[in-house]
Each structure stands twice: as structure tokens, then as C-alpha cells.
Amino acid sequence: MKNQHPEKLYYSIGEVAKILNESTSLIRYWEKEFSSHVKPKKNPNGKRMFTSSDIETLKQIHYLTKKKGYTLTGAEKMMNSQKKDIKKNIFLKDTLENAKSFLIDLKKELKSEANG
């Protein structure tokens, strides 16, 4: 899952799918299944416009269903009861993934300098 995205007011479903590294059809499915949590606005043409808050909620759904293995019902129960803990876990996971990417890039750079 990509962690960095430019700060905008609204994101298209394609941009959200890219941020989460998931398909647009899965995003639409989660929107339907978690309608009390994810409520994108629609422009006059009917295109979904997601806010940063929607993306954070979708990250929570992604984390619970894809990483932790919860069913959709279980994920919704967790989101309703432990939202603060989930946000903290996602933040920690994202921070560790960013650190890992940085270290891998640094290792590659040091190798190329040693060989070059």
C-alpha cells in the first residue's frame, strides 16, 4: 500500500485505488459494504470524489481485511469499537514500511557508490 499521496481536497476512485494498491471494483465494493463509514461525494457526472478522511477509512478496511484477515462483518465491528487502536496500528505499519523502503534505497545507493 502506498503511504504517500499528494494532499488534495478530493481524489478520484482511480487515485484511491492506486494509493491502496487495489482495484477500483474493490473500492466500490467496500464503499457499498461500509456505507456507514465511507461516503464519497459524487460530482454532477456521478463520479466518486473521495476525501482524505475516506482514504483513511479505506486504509483501515484494507488493513483489517487484507492484513489481519477479518471478515467484512468483523472488520466493521472492530472499526466501530477500536477505531483509535486501528489508526495507531496503521500509522505504525506505514512508518515501518517507509523506514524499510528508505533503508533498501540507501543500501542500493551505497552498493552503487562502492562499485562505481
Side-chain angles (χ1 to χ4, degrees):
M1 178 173 13
K2 288 185 178 180
N3 300 316
Q4 301 297 323
H5 51 87
E7 196 59 41
K8 296 171 33 174
L9 194 54
Y10 294 106
Y11 300 84
S12 71
I13 193 167
E15 291 170 318
V16 173
K18 195 176 261 189
I19 290 166
L20 296 174
N21 198 27
E22 293 293 346
S23 68
T24 56
S25 60
L26 182 59
I27 303 302
R28 283 191 295 274
Y29 178 69
W30 284 345
E31 175 193 346
K32 184 180 108 193
E33 292 297 317
F34 292 86
S35 59
S36 63
H37 296 281
V38 181
K39 299 175 185 171
K41 297 187 183 321
K42 292 192 179 177
N43 71 11
N45 297 329
K47 292 189 178 189
R48 292 164 175 83
M49 301 182 310
F50 294 85
T51 64
S52 292
S53 177
D54 291 327
I55 293 173
E56 291 308 312
T57 301
L58 287 165
K59 281 184 178 183
Q60 292 174 22
I61 295 167
H62 182 272
Y63 173 76
L64 290 170
T65 58
K66 298 287 187 163
K67 305 290 183 189
K68 298 300 265 180
Y70 282 88
T71 63
L72 296 180
T73 303
E76 185 155 27
K77 286 180 183 175
M78 286 294 291
M79 289 177 68
N80 289 334
S81 66
Q82 298 183 10
K83 192 167 188 134
K84 189 175 181 180
D85 289 338
I86 296 166
K87 281 184 177 184
K88 185 174 88 173
N89 288 343
I90 291 171
F91 173 77
L92 292 173
K93 181 186 77 57
D94 287 350
T95 301
L96 290 172
E97 285 178 355
N98 286 338
K100 180 181 176 182
S101 292
F102 171 77
L103 291 172
I104 288 170
D105 291 345
L106 181 62
K107 181 179 177 182
K108 287 177 186 175
E109 189 176 316
L110 290 173
K111 268 188 178 180
S112 70
E113 285 180 12
N115 293 332

Atom CZ of residue position Phe34 - does it have more than 12 heavy atoms of other residues, nucleotides or ligands inside 6.0 Å?
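Counting other residues, nucleotides and ligands, CZ of Phe34 exceeds 12 neighbours.
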Considering only Ile, Leu, Val, Met, Phe, Trp and Tyr, and joining two whenever side-chain heavy atoms are under 4.5 Å apart, list the other residues clustered with Phe102.
Leu103, Leu106, Leu110
Mind checking who shares a hydrophobic cluster with Met49, ILVMFWY linked at side-chain heavy-atom distances under 4.5 Å?
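Leu9, Tyr10, all in the cluster of Met49.
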Separation between [atom1] of [X] and [atom2] of [Y], rounded to the nearest 0.5 Å:
X: Leu26; Y: Asn21; atom1: CG; atom2: CG; result: 11.0 Å
X: Gln60; Y: Thr57; atom1: CD; atom2: OG1; result: 5.5 Å
X: Leu64; Y: Lys77; atom1: CG; atom2: NZ; result: 13.5 Å
X: Lys100; Y: Glu97; atom1: NZ; atom2: CD; result: 8.0 Å

Which pair of non-hydrogen atoms, one from Glu109 and one from Ser112, has the smallest distance, and what is that distance?
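The answer is O-OG, 2.9 Å.
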Please name the pair of heavy atoms, one in Ala75 and one in Tyr70, separated by the smallest distance, quoted to 0.1 Å.
N-CB, 3.8 Å
Determine yes or no for a side-chain-to-main-chain donor-acceptor pair under 3.5 angstrom, with Asn43 supplying the side chain and Asn45 the backbone.
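Answer holds: yes.
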Any chance you could lay out the side-chain contact (heavy atoms from CB on, under 4.5 Å) test for Ile27 and Glu31, step after step, and finish with the verdict?
CA-CA 6 Å; Ile27 303 302; Glu31 175 193 346; 5.6 Å; no
Could you tell me whether the side chain of [Y] reaches within less than 4.5 Å of the side chain of [X], counting heavy atoms only?
X: Glu22; Y: Lys66; answer: yes
X: Glu15; Y: Lys8; answer: yes
X: Val38; Y: Ile61; answer: yes
X: Val16; Y: Trp30; answer: no

I would like to know whether Lys68 and Met78 meet side-chain contact (heavy atoms from CB on, under 4.5 Å); could you show each step before the answer?
CA-CA 11 Å; Lys68 298 300 265 180; Met78 286 294 291; over 6 Å; no
Residue list, side-chain hydrogen bond (donor to acceptor under 3.5 Å, both in side chains) with [X], at least two apart or on another chain:
X: Thr51; answer: Asp54
X: Ser25; answer: Ser23
X: Ser36; answer: Glu76

Glu33: which residues meet the salt bridge (Lys or Arg N to Asp or Glu O under 4.0 Å) condition with it, sequence neighbours left out?
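If we apply the salt bridge (Lys or Arg N to Asp or Glu O under 4.0 Å) test to Glu33, skipping adjacent residues, there are no hits.
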Does Phe50 form a side-chain contact (heavy atoms from CB on, under 4.5 Å) with Ile19? I'd like the steps, not just the answer.
CA-CA 12 Å; Phe50 294 85; Ile19 290 166; over 6 Å; no
